[in-house]
Every structure is written in C-alpha cells, then in structure tokens.
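Everything below concerns the one structure shown next.
Quick note on labels: first sequence line is chain A, next is B, and so on, each numbered from 1.
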Number of protein chains: 2
Amino acid sequence: MNIKAEHFFKILADLTRLRVLVLLSREGELCVCELTHALGEIQPKISRHLALLREAEIVLDRRQGQWIYYRLNPKLPDWTQVVLTQTTEGVAKQIPFSRDHRALCQMPNRPGSACCA
Amino acid sequence: MNIKAEHFFKILADLTRLRVLVLLSREGELCVCELTHALGEIQPKISRHLALLREAEIVLDRRQGQWIYYRLNPKLPDWTQVVLTQTTEGVAKQIPFSRDHRALCQMPNRPGSACCA
DNA sequence: CCTTTATATTCATAAAACCATATATACTAC
DNA sequence: GTAGTATATATGGTTTTATGAATATAAAGG
C-alpha cells in the first residue's frame, strides 16, 4: 500500500485521531461505542474521524452484529509503523492518552466485556 | 524540552516543511537561500515555514554574516527524533524529496561551497 | 552615506479543517 | 411490522492555515 508522508501526518495532526490511534495500538481492536466512551466525545465526532482514518487506510473495520470494530492496518509501510509505535510509546503516559485508557477500562456494559490489562 | 504530539504532527503535515526537514536531516545545516533553491520556492514562503519550525523548537538557527543557517534541534524528545529519522529514511528516495537533494547539489555559487555526498 | 544581497514580516485572500446539530442507515429483538 | 441501539453522513457555521505580493530589516562592500 501507498500513503504520502504529508497526508499521513495530516491524519496524525488532530488530537482526537491521535487518541483513537493510541488506544487502538494498546488494545488491538475497539468498537465505536468503546472509543466514544473512552474519549468522552459525542458519537458523530468519533465516527467522522474514524471515517478519515479508514479512507487513509490507517485503520481497518469489521462489522460484528450491531457493532463495528476498528483496528490498525497491519499492512502500513514499515516507516509509518515505526512512527506510530514510537508515538504511542512516547505519549501513552501523558494526558489525555493515559486518561482515555483508564476511562475505557472503567466503561460499564462494554460489548464483549473485554478487560484492559 | 516539551512538545505536544498533536502540534508536532501539525508541523510535519505540510509538504514544504517536510521537505525542509528531510533536507536538514540529510545535510546537517543549510541556509535559507540553499533551501529556497533546493525546493524551487519563493523566499518568503520558505522563511515563513522556517519561522514555524523555529517557534516549535524543531529547528535552531544561527547567523553567520548575511546568511542564517538552520539545523535540527538535537534536544528534541527521543520519540520525535525517531519519528523524524524514520520519516527521512522512508521518503528520501521518493519525489519530491530526492529531487530536492539533487537540486541542492547542483546549486551554483552555494555559500560555503558545500558539497553533497 | 548608497547599493546589493539575504532574510523576515505584514496583509489580504482563499482553501481547508473542525465542530455541533440533525438526519439517515443498519442491525437486533420483539 | 415497531422500537431501540449502534453507526454513518449531510449541512452550515466558525476557525485555522497556506498563499502571493509587498514591504521591512540586517549585513556587506563600496
């Protein structure tokens, strides 16, 4: 696959999308309602940003019943994978990224009742 | 030093700034007229983007006579350094980055008469 | 002083990005 | 079928960002 560096960074240049990517990187796969709860944002906002990530082929989605699960695209070019990994590690302990993770773990009635490590 | 991930990526999310950073990463230090020639852009445009990079503390500048030389800030956080390095390696052979480097090497009357490897 | 060269900044405009609200679609269960 | 939940998209407004053109500043050399 092919992604222009400029476009790749444009996608990362928004706090909401960055928070989504950091969470997906830590958790592997999350549905829209989990992301909405973790970030404390309204659902259309999350969906719009997920659409941008999906169009850029940075994330993949799959439907399971009424839920749609998103995950990082494993076929990203090597250098973008390193960039994403480094970014995730670099900011995971900072606000608001650490708070997002905590909120996710405390989400009630989480579909699939997944549990954060 | 302290730079927010979101802001860092906003800075990288512009093709002109990315070209400047890739060149600086390869060459170490370049003055404004070298960057202007290498990218084939008008001088105010380059200066404006350099100002943004300088304000974000991603690059440092030093005056030498009538020239002002720019270089990457060595005190960037580790993760941003890795990101920059990976980006540079990832795009160095692609257009327009490869072309910028060639244009720089072919610049006539280059101050300091530096020579690209 | 004046001229030339290098660099920075200001200004007005145009394009892009983000947002909240409202609405539409899709699935599930009855 | 209807109701409820999950997700997506469309609309209109506001803010941000990039741009070219013009102008300003600073150094060097007469």
Side-chain angles (χ1 to χ4, degrees), chain A residues 4 6-21 24 29-56 58-71 96 104 107-114, chain B residues 4 6-21 24 29-56 58-71 96 104 107-114:
Chain A
K4 281 186 185 158
E6 180 201 1
H7 186 218
F8 177 68
F9 288 125
K10 267 204 174 71
I11 293 288
L12 302 196
D14 175 273
L15 185 54
T16 303
R17 289 192 292 270
L18 210 48
R19 292 165 74 187
V20 166
L21 289 175
L24 289 181
E29 201 175 47
L30 292 169
C31 68
V32 180
C33 65
E34 287 174 311
L35 290 166
T36 301
H37 183 275
L39 270 63
E41 303 277 2
I42 60 180
Q43 176 268 322
K45 178 167 172 175
I46 300 293
S47 267
R48 202 168 5 88
H49 286 294
L50 284 171
L52 290 172
L53 290 166
R54 186 175 1 103
E55 284 155 22
I58 293 175
V59 301
L60 302 177
D61 65 322
R62 113 190 130 84
R63 175 180 283 275
Q64 180 172 328
Q66 46 190 336
W67 298 284
I68 298 187
Y69 283 88
Y70 284 86
R71 63 190 186 279
L104 175 64
M107 176 179 180
N109 299 105
R110 199 169 152 195
S113 62
Chain B
K4 281 186 186 157
E6 180 200 1
H7 186 218
F8 177 67
F9 289 125
K10 268 203 173 72
I11 294 287
L12 302 197
D14 175 274
L15 185 54
T16 303
R17 289 191 292 270
L18 208 49
R19 291 165 75 187
V20 166
L21 289 175
L24 289 181
E29 203 176 45
L30 293 169
C31 68
V32 181
C33 65
E34 287 176 311
L35 290 166
T36 301
H37 182 276
L39 271 63
E41 302 276 0
I42 60 180
Q43 176 269 321
K45 178 169 172 174
I46 300 293
S47 267
R48 219 167 345 93
H49 285 294
L50 284 171
L52 290 173
L53 289 166
R54 187 175 359 102
E55 285 155 22
I58 293 176
V59 301
L60 302 176
D61 65 322
R62 110 191 133 83
R63 175 180 283 274
Q64 180 172 327
Q66 47 189 335
W67 296 284
I68 299 188
Y69 283 89
Y70 284 86
R71 64 190 184 281
L104 176 65
M107 177 178 179
N109 299 105
R110 198 169 153 194
S113 61

- Item | Length of the CG-C1' vector between A:Leu53 and D:dT9, whole Å | 16 Å
- Given C:dC18, is OP1 or OP2 found less than 4.0 Å from the side-chain N or O atoms of A:Arg17? yes
- Item | Value in whole Å for how far the P atom of C:dA6 lies from OH of B:Tyr69 | 11 Å
- Item | Proximity to the side chain of B:Pro44 - top-ranked nucleotide from C:dT9, D:dA6, C:dC19 | C:dT9
- A:Arg110 CZ - D:dA6 P separation (whole Å): 14 Å
- Has the side chain of A:Glu55 got a donor or acceptor atom that lies under 3.5 Å from a matching backbone atom of A:Leu52? no
- Between A:Gln64 and A:Lys10, just flag the one whose closest nucleotide in DNA chain C comes earlier from the 5' side. A:Lys10
- Taking every non-hydrogen atom, the tightest pair across A:Met107 and A:Cys33: CE-O, 3.8 Å
- Query: Which nucleotide in the list D:dT7, C:dT9, C:dC19 gets nearest to the side chain of A:Cys33?
  - Reply: D:dT7
- Item | Side-chain touch B:Arg62/B:Arg71, heavy atoms, less than 4.5 angstrom | yes
- Item | Nucleotide C:dT7, atom P - distance to CZ of B:Arg62 in whole Å | 12 Å
- Query: Given C:dA6, is OP1 or OP2 found less than 4.0 Å from the side-chain N or O atoms of B:Tyr70?
  - Reply: no
- Message: Base of C:dA6, side chain of B:Gln43 - is there a donor-acceptor contact under 3.5 Å?
- Response: no
- Item | A:His49 side chain near C:dC18 phosphate (N/O to OP1/OP2, under 4.0 Å) | no
- Task: Using heavy atoms to find the nearest nucleotide of DNA chain C for A:Arg48 and B:Ser47 separately, return the residue whose nucleotide is more 5′.
- Result: B:Ser47
- Query: Roughly how many Å is it from CG in B:Asn109 to C1' in C:dA6, rounded to a whole number?
  - Reply: 14 Å
- Take atom CG of B:Leu52 and atom P of C:dT10, then tell me their distance rounded to the nearest Å. 13 Å
- Specify the closest pair of heavy atoms between A:Leu24 and A:Tyr70, including all atoms of both residues, with the distance to one decimal. CD2-O, 3.3 Å
- Message: Using a 4.0 Å heavy-atom cut-off, does A:Ile42 contact any base of the nucleic acid, only the sugar-phosphate backbone, or nothing at all?
- Response: base
- Item | A:Arg63 vs D:dA6: side-chain N/O to OP1/OP2 distance below 4.0 Å | no
- Task: Quickly work out the B:Leu15 CG to D:dA18 P distance and round it to whole Å.
- Result: 12 Å
- Tell me which nucleotide among D:dT7, C:dC18, C:dT28 gets nearest to the side chain of A:Gln66. C:dT28
- For the side chain of B:Arg19 and the backbone of B:Leu35, is there at least one donor-acceptor N/O pair under 3.5 Å apart? no
- Query: D:dT7 P sits how many Å from A:Asp61 CG, rounded?
  - Reply: 11 Å
